[in-house]
Engineer: 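Next up is a structure, given as structure tokens.
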Amino acid sequence: MPNPLAITLRASAAATAGGTGTSVDLGDRTYVQLTLDVTAFTTGPLVVYVETSLLGGEWLPAGQFEAVGGVVNRTLTVPTAGRWLRVRWTLSAGSVTFAVTGTAHQL
């Protein structure tokens with residue numbers, strides 16, 4: 001797959017509540033492979049949603065990682081992303097340290 005773009009939707013940091021990560025401009029890349037890396041976990045669960053947008057305004061669901069209840073490393077493929085991509089997460093209790101990174105490709 002030519003011209004991959006390394007992306008960080010959320011740098012590794014602690015969270016004690018839900019939130020939204022950085023939106024990333026994928027340009028003309030539409031195939032995305034992501035990794036959720038949870039390195040510390042006290043309670044939860046943590047649910048991470050991937051959202052996409054054509055113009056960076058109206059966000060639509062693009063995928064979701066399986067709910068997390070501990071330290072894990074998971075992958076997710078988004079086969080048809082719009083120009084922009086971001087993550088949003090929910091956390092019902094406790095704290096968790098995690099990152100979401102990956103690569104975007106032209107097909």
Side-chain angles (χ1 to χ4, degrees):
M1 289 180 259
N3 199 16
L5 174 69
I7 59 174
T8 299
L9 299 176
R10 184 178 197 279
S12 183
T16 57
T20 303
T22 303
S23 58
V24 174
D25 184 352
L26 302 177
D28 58 356
R29 298 162 186 90
T30 59
Y31 183 86
V32 182
Q33 296 171 305
L34 297 173
T35 299
L36 168 63
D37 188 21
V38 178
T39 56
F41 188 91
T42 60
T43 188
L46 169 70
V47 181
V48 178
Y49 305 91
V50 181
E51 299 176 328
T52 190
S53 174
L54 293 176
L55 302 174
E58 181 182 351
W59 294 95
L60 303 170
Q64 162 181 342
F65 288 94
E66 184 179 330
V68 174
V71 173
V72 297
N73 185 282
R74 295 201 174 130
T75 60
L76 176 72
T77 298
V78 177
T80 54
R83 179 167 182 150
W84 294 88
L85 201 68
R86 73 177 186 182
V87 291
R88 179 178 55 83
W89 62 91
T90 60
L91 181 63
S92 59
S95 68
V96 59
T97 301
F98 71 100
V100 180
T101 58
T103 54
H105 305 270
Q106 291 175 315
L107 291 183

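Numbering of residues begins at 1 and proceeds along the displayed sequence.
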Engineer: Which pair of heavy atoms, one from Ser12 and one from Thr97, lies closest together, and at what distance?
Structural biologist: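 Residues Ser12 and Thr97, closest heavy atoms: OG-CG2, 3.7 Å.
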Engineer: Would you mind telling me which of Thr103, Val100, Leu85 makes a side chain to side chain contact (heavy atoms under 4.5 Å, CB included) with Ile7?
Structural biologist: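 Looking at Thr103, Val100, Leu85, the match for Ile7 under the side chain to side chain contact (heavy atoms under 4.5 Å, CB included) is Leu85.
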Engineer: Of all the heavy-atom pairs spanning Thr52 and Ala81, show the shortest one and how long it is.
Structural biologist: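 Residues Thr52 and Ala81, closest heavy atoms: OG1-C, 3.7 Å.
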Engineer: Can you sort out the partners of Asn73 under side-chain contact (heavy atoms from CB on, under 4.5 Å), two or more places apart, ordered by chain and number?
Structural biologist: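 Testing Asn73 for side-chain contact (heavy atoms from CB on, under 4.5 Å), a comparison that skips the adjacent residues, returns Thr35, Asp37.
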Engineer: Which ILVMFWY residues are connected to Leu60, directly or by a chain of links, through side-chain heavy atoms under 4.5 Å apart?
Structural biologist: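 Grouped by the 4.5 Å side-chain rule, Leu60 forms a cluster of one, so the answer is none.
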Engineer: Tell me every residue that passes side-chain contact (heavy atoms from CB on, under 4.5 Å) with Val68, counting only those two or more places apart in sequence or in another chain.
Structural biologist: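 Only Leu36, Val38, Phe41, Leu46, Val72, Arg74 meet the side-chain contact (heavy atoms from CB on, under 4.5 Å) criterion with Val68.
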Engineer: So, does Thr30 use its side chain to make a donor-acceptor pair with the main chain of Thr80 at under 3.5 Å?
Structural biologist: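 A pair under 3.5 Å: no.
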Engineer: Is there a path from Tyr49 to Val32 through hydrophobic residues (I, L, V, M, F, W, Y) whose side chains come within less than 4.5 Å of each other?
Structural biologist: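 Different clusters: Tyr49 never reaches Val32 through Ile, Leu, Val, Met, Phe, Trp or Tyr contacts under 4.5 Å.
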Engineer: Side chains of residues 21-28: which donor-acceptor pairs under 3.5 Å do they make with residues two or more places apart or in other chains?
Structural biologist:
residue : atom : partner : partner atom : Å
Asp25   : OD1  : Gly27   : N            : 2.8
Asp25   : OD1  : Arg83   : NE           : 2.8
Asp25   : OD2  : Arg83   : NE           : 3.3
Asp25   : OD2  : Arg83   : NH2          : 3.0
Asp28   : OD1  : Gln106  : NE2          : 2.8
Asp28   : OD2  : Gln106  : NE2          : 2.5

Engineer: Val48, Trp59: one ILVMFWY side-chain cluster at the under-4.5 Å cut-off?
Structural biologist: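 No, no single cluster joins them.
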Engineer: Tell me the side-chain hydrogen bond (donor to acceptor under 3.5 Å, both in side chains) pairs involving residues 84-94, sequence neighbours left out?
Structural biologist: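 For residues 84-94, and leaving out neighbouring residues, the side-chain hydrogen bond (donor to acceptor under 3.5 Å, both in side chains) pairs sorted by first residue read Glu51-Arg86, Glu51-Arg88.
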Engineer: Membership question, hydrophobic clusters at under 4.5 Å side-chain separation (ILVMFWY): are Val87 and Leu76 in the same one?
Structural biologist: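 Both belong to a single hydrophobic cluster.
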Engineer: Nearest 0.5 Å, please: how far is CG in Leu34 from OG1 in Thr101?
Structural biologist: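 If we round to the nearest 0.5 Å, Thr101:OG1 and Leu34:CG are 8.0 Å apart.
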Engineer: Can you name the side-chain contact (heavy atoms from CB on, under 4.5 Å) partners of Ser95, sequence neighbours left out?
Structural biologist: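 Ser95: side-chain contact (heavy atoms from CB on, under 4.5 Å) contacts with Thr16, Thr42.
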